[in-house]
Each structure stands twice: as C-alpha cells, then as structure tokens.
Amino acid sequence: MKVLAILYKGGDAAKEEPRLLGTVENKLNLREYLESQGHEYIVSDSKEGPDSDFQKHIVDAEILITTPFHPGYLTADLFEKAKNLKLCVTAGVGSDHIDLNAAVKKGVQVLEVSGSNVVSVAEHVVMSILLLVRNFVPAHEMIERGDWQVSDIARNAFDLEGKVVGTIGAGRIGYRVLQRLVPFDCKELLYYDYAPLPEAAARAINARRVQDLEDFVSQCDVVTVNCPLHEGTRGLVNADLLKHFKKGAWLVNTARGAICDKDAVAEALKSGQLSGYSGDVWNVQPAPKDHVWRTAKNPLGGGNGMVPHYSGTTLDAQARYAGGTRSIIENYLTNKPQDAGNIIVGLGKYETKAYGQR
Ligand code: NAI
C-alpha cells in the first residue's frame with residue numbers, strides 16, 4: 001500500500017530540532033512504523049502542477065496525509081485521477097484544501113486530528129488581539145530603529161478591558177478564545193455561529209449569541225474569525241460586511257485566509273475603517289512575496305500583525321497531531337472504529353456540521 005504525505009520542508013531547523021515532526025525531514029514520525037508494516041511511505045513538499053510529486057503519486061496512493069500549513073490542494077479533478085485513494089488525513093485541523101464534496105461523491109473518507117492544536121491557535125488569537133489593541137508591533141519596530149517617541153505609539157494604544165470582543169464561529173477554538181478572555185474584563189463577549197453553544201457553556205463565560213452577522217460585527221470592537229472555510233464562509237468578510245464594522249475595529253483571522261476578502265481588508269486597513277488586521281492564514285500558501293497583507297498598514301503606519309501560518313504548529317501541537325495521525329492510520333489499517341470527533345467526511349457523507357449546515 002502506498003501512503004503519500006505532503007509536508008513542508010524544514011531545512012536545517014528540522015535537522016537540528018527533531019520535534020519539528022510535521023516536516024519532510026521528520027515525516028510525522030511515521031516512517032519506521034509504516035515501513036515495518038510493509039507499506040511504501042512517500043514524503044514530499046512538491047505539490048504544485050502536473051509534474052509535482054503530489055500529482056505523480058496521488059494516482060495510486062491509498063492514504064493521503066496533508067497539513068493545512070503547506071496544503072496539497074486535492075481538487076475534484078485530482079480525485080478523478082486518485083483511483084486507489086481511500087483515506088485523507090489532515091495532520092492538524094482544517095480540511096478545506098480537500099474538495100470535501102468530491103470526497104463525499106468518491107467515497108473517500110476525510111479525517112482530521114480534531115482538537116490537536118486548538119489551544120495553540122486560541123493562545124495566538126489572544127496574543128494577536130492584544131498586540132493590535134495595544135499597538136505593539138510599531139512600538140517594537142521603533143525600538144529596533146533606535147527611536148523613542150512614546151506619543152507616536154500611545155496615540156493608537158488602548159486597553160482590552162471594556163471592549164466588546166466577538167468570534168465568528170464558537171467551536172473548539174472560538175470558545176477557547178472567549179474563555180481565555182474572561183479575566184480581561186471585556187465589556188461583552190459575543191459569538192456568531194449557526195450552532196448555539198450549550199447553555200451551560202455560554203453561561204460559564206457569559207457569552208451572548210448574535211444571530212445576524214451585520215448586527216454582530218456592528219457591536220464588536222474586536223472580531224476574531226474561528227470558523228472553517230467552506231462554501232458559506234468563503235469571502236464572508238468582504239467590502240459589504242466591513243462597512244458594518246465599528247469604525248476602527250480590530251480584526252483577527254487565524255481560521256483561513258480566504259474567509260476574508262484580501263483586497264477589501266487591505267483597503268479597510270488603509271482607510272482606517274479597520275485599525276488592525278492580524279493572523280497567520282493566507283488565501284494562497286506560501287503567500288507570494290508581494291501579497292498585500294504582508295505590508296498593509298493603517299493610516300498611522302501600524303495595525304499589521306501578520307505572520308506565516310504557524311499558530312497551530314507549535315512543537316506541542318506537532319507532537320499531538322503527529323500522534324493523532326498515527327492513531328487514525330492504525331485504526332484504518334486494523335479496521336478499528338475512528339474517533340467520531342475526527343471524521344469530517346465518512347463513507348459517502350459528511351459526519352460534521354461544522355463545514356456548513358448540511
Ligand atoms: P470546530 O469544528 O470545533 O468549530 C467550528 C465552528 O464554526 C462550529 O461551531 C461551526 O458551527 C462554526 N461555523 C461553521 N460555519 C459557520 C458560519 N458560516 N458562520 C458561523 N459559524 C460557523 O473547529 P475548530 O477546531 O474550532 O477550528 C476552526 C477552524 O480554525 C478550522 O476549520 C481551521 O480552518 C482553523 N484552524 C487554523 C489553525 C491555524 O494554525 N491557523 C489551526 C487549527 C484550525
């Protein structure tokens with residue numbers, strides 16, 4: 001049996017740091033196990049175009065392992081070529097790089113290591129909210145430049161206390177973000193999600209649900225995006241919706257780049273409709289060198305907290321998603337039932353409601 005993994009190249013860092021498991025070099029720690037079972041394990045970062053290893057090996061692979069950090073895009077066309085494919089495993093959380101409707105049609109199962117990096121991301125979101133609200137990045141850059149002009153920073157620095165923070169999507173990550181904000185004494189914690197939180201969970205953090213998206217964003221000082229990318233969320237935060245944001249709101253997106261309209265966000269930042277945009281996810285990954293989100297700024301020259309896609313790939317997270325990937329594959333190879341929370345697409349149907357109300 002052929003198992004194909006598309007991972008990112010770790011270079012020297014991966015040689016020096018063996019805990020960088022999600023790399024081509026360290027292979028999610030699966031090589032010995034798979035080869036000892038007599039399987040062929042192909043690992044590569046080459047994923048674009050007809051000559052890529054991805055397209056070459058997808059033709060006869062039975063299991064495909066991918067990560068959202070260096071996504072191998074499994075399109076409906078590629079599904080047609082993947083004659084042996086039975087199982088796609090996302091080493092991490094977020095399987096939008098797989099055409100899930102095609103997986104349903106083709107009877108290919110799609111599993112994630114649910115929960116493996118949700119704390120990692122929630123911590124990053126809290127950090128990103130603070131660094132935008134407190135105007136941290138320009139303050140640090142000023143120090144590196146050798147300058148010292150406190151008023152240039154303080155003119156756009158605020159406290160998080162007393163602000164309204166809302167999450168689009170209140171699942172594992174969105175809920176953990178709100179939970180972690182409780183001690184900051186925000187004015188209110190809001191959420192927008194078609195699935196209401198269980199009453200006790202909402203009460204525990206005093207979160208209020210707002211059912212209309214425009215109404216929701218108009219009440220928030222900070223909006224954080226924590227829903228999966230699917231037909232219903234692609235381009236959800238666009239020029240029209242941004243008009244309904246409070247003037248000068250902060251927006252944090254660690255969910256998926258394509259949930260926010262690239263140019264509309266850059267324009268809103270430039271005009272000051274947004275005071276800041278921060279996150280680690282991009283509509284194409286790796287992001288091109290001239291991607292507007294790399295350098296977009298607010299009118300005062302700050303408000304950009306963008307980083308490469310790494311919030312969910314801390315070393316702690318890598319240990320969890322590598323271990324979870326192995327469990328999924330072991331279950332598959334030994335015909336054991338999978339953990340229900342990991343199944344996105346089961347045999348011929350969606351098993352989760354998180355990728356759109358189905
Ligand atoms: P989850 O499945 O626990 O929660 C997702 C929530 O979003 C659900 O409550 C669902 O009802 C809601 N939702 C779906 N469509 C919606 C819509 N149209 N409007 C409002 N809410 C909607 O997923 P989890 O673990 O919280 O992860 C969420 C997403 O975060 C992942 O799908 C992935 O895209 C992203 N992620 C990013 C990482 C990173 O490194 N930046 C790492 C892990 C996840």
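This one's a predicted model, so the numbers in the text were calculated from it and none came from an experiment. First listed ligand is number 1; within each ligand, the first listed atom is number 1. Hydrogens, waters and symmetry mates play no part in the numbers below; they use all other heavy atoms, side chains included.
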Roughly how far apart are [X] [atom1] and [Y] [atom2], rounded to 0.5 Å?
X: Asn135; Y: Asn298; atom1: CG; atom2: CG; result: 7.0 Å
X: Leu21; Y: Thr67; atom1: CG; atom2: OG1; result: 12.5 Å
X: Lys9; Y: His70; atom1: NZ; atom2: NE2; result: 8.5 Å
X: Leu197; Y: Tyr191; atom1: CG; atom2: OH; result: 4.0 Å

Please identify which atoms of ligand 1 are closer than 4.0 Å to at least one heavy atom of [X].
X: Asn117; answer: 42 (C), 43 (C)
X: Tyr192; answer: 19 (N), 20 (C), 21 (N)
X: Asp280; answer: 39 (C), 40 (O), 41 (N)
X: Gly171; answer: 3 (O), 4 (O), 6 (C), 9 (O), 26 (O)
X: Val281; answer: 41 (N)
X: Val118; answer: 25 (O)
X: Phe69; answer: 40 (O)

What do you reckon, does [X] have a nitrogen or oxygen under 3.5 Å from a nitrogen or oxygen of ligand 1?
X: His309; result: yes
X: Ser311; result: yes
X: Ile173; result: yes
X: Gly312; result: yes

If hydrophobic clusters are built from ILVMFWY residues whose side chains come within less than 4.5 Å, do Val118 and Val182 share one?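 Val118 and Val182: one cluster.
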Considering only heavy atoms, which of [options] lies nearest to [atom]?
atom: atom 6 (C) of ligand 1; options: Thr233, Asp193, Val121; value: Asp193
atom: atom 28 (C) of ligand 1; options: Val125, Leu229, Asn226; value: Asn226
atom: atom 41 (N) of ligand 1; options: Val113, Thr254, Thr67, Asn253; value: Thr254
atom: atom 5 (C) of ligand 1; options: Gly169, Pro228, Ala317; value: Pro228

Side-chain touch Asn117/Thr314, heavy atoms, less than 4.5 angstrom: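 Side chain of Asn117 against side chain of Thr314, heavy atoms only: no contact under 4.5 Å found.
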Find out whether Asn29 and Arg326 are in side-chain contact, i.e. whether some heavy atom of one side chain is under 4.5 Å from a heavy atom of the other.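 Side chain of Asn29 against side chain of Arg326, heavy atoms only: no contact under 4.5 Å found.
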Using the ring of each side chain (for Trp, its six-membered ring), is Trp293 parallel, tilted or perpendicular to Trp282, with breaks at 30° and 60°?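 Geometry flag for Trp282 against Trp293: tilted rings.
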So, applying ring-ring contact (aromatic ring centres under 6.0 Å, His included) with Trp250, which one of Phe245, Phe158, Phe136 is it?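 For Trp250, the ring-ring contact (aromatic ring centres under 6.0 Å, His included) check succeeds only for Phe158.
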Closest protein heavy atom to [atom], given as residue, atom name and distance to 0.1 Å:
atom: atom 16 (C) of ligand 1; answer: Tyr194 CE2, 3.4 Å
atom: atom 35 (C) of ligand 1; answer: Ala255 O, 3.5 Å
atom: atom 22 (C) of ligand 1; answer: Cys227 CB, 3.6 Å
atom: atom 31 (C) of ligand 1; answer: Val93 CG1, 3.9 Å
atom: atom 14 (C) of ligand 1; answer: Ala354 O, 3.1 Å
atom: atom 23 (O) of ligand 1; answer: Arg172 NH1, 4.3 Å
atom: atom 15 (N) of ligand 1; answer: His230 NE2, 2.9 Å

Heavy-atom contacts under 4.0 Å between Arg256 and ligand 1: side chain, backbone, both, or neither?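 The answer is the side chain of Arg256.
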Examine the side chains of [X] and [Y] and answer whether a donor and an acceptor come within less than 3.5 Å of each other.
X: Tyr332; Y: Glu62; value: yes
X: Gln219; Y: Asp215; value: yes
X: Thr233; Y: Arg256; value: no

Glu231, CD: over 12 other non-hydrogen atoms inside 6.0 angstrom: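 Counting neighbours around CD of Glu231, more than 12 heavy atoms of other residues, nucleotides or ligands fall under 6.0 Å, so yes.
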Check ion pair Asp152-Arg155 (N to O, under 4.0 angstrom):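 Salt bridge flag = no for Arg155 with Asp152.
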If the threshold is 4.0 Å, N to carboxylate O, is there a salt bridge linking Arg209 and Asp193?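 Salt bridge between Arg209 and Asp193, a charged N being under 4.0 Å from a carboxylate O: no.
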Is Lys353 near ligand 1, meaning one of its heavy atoms is under 4.0 Å from it?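 So Lys353 does not count as touching ligand 1.
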Applying a strict 4.0 Å limit to heavy atoms, is Gly92 in contact with ligand 1?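 No.
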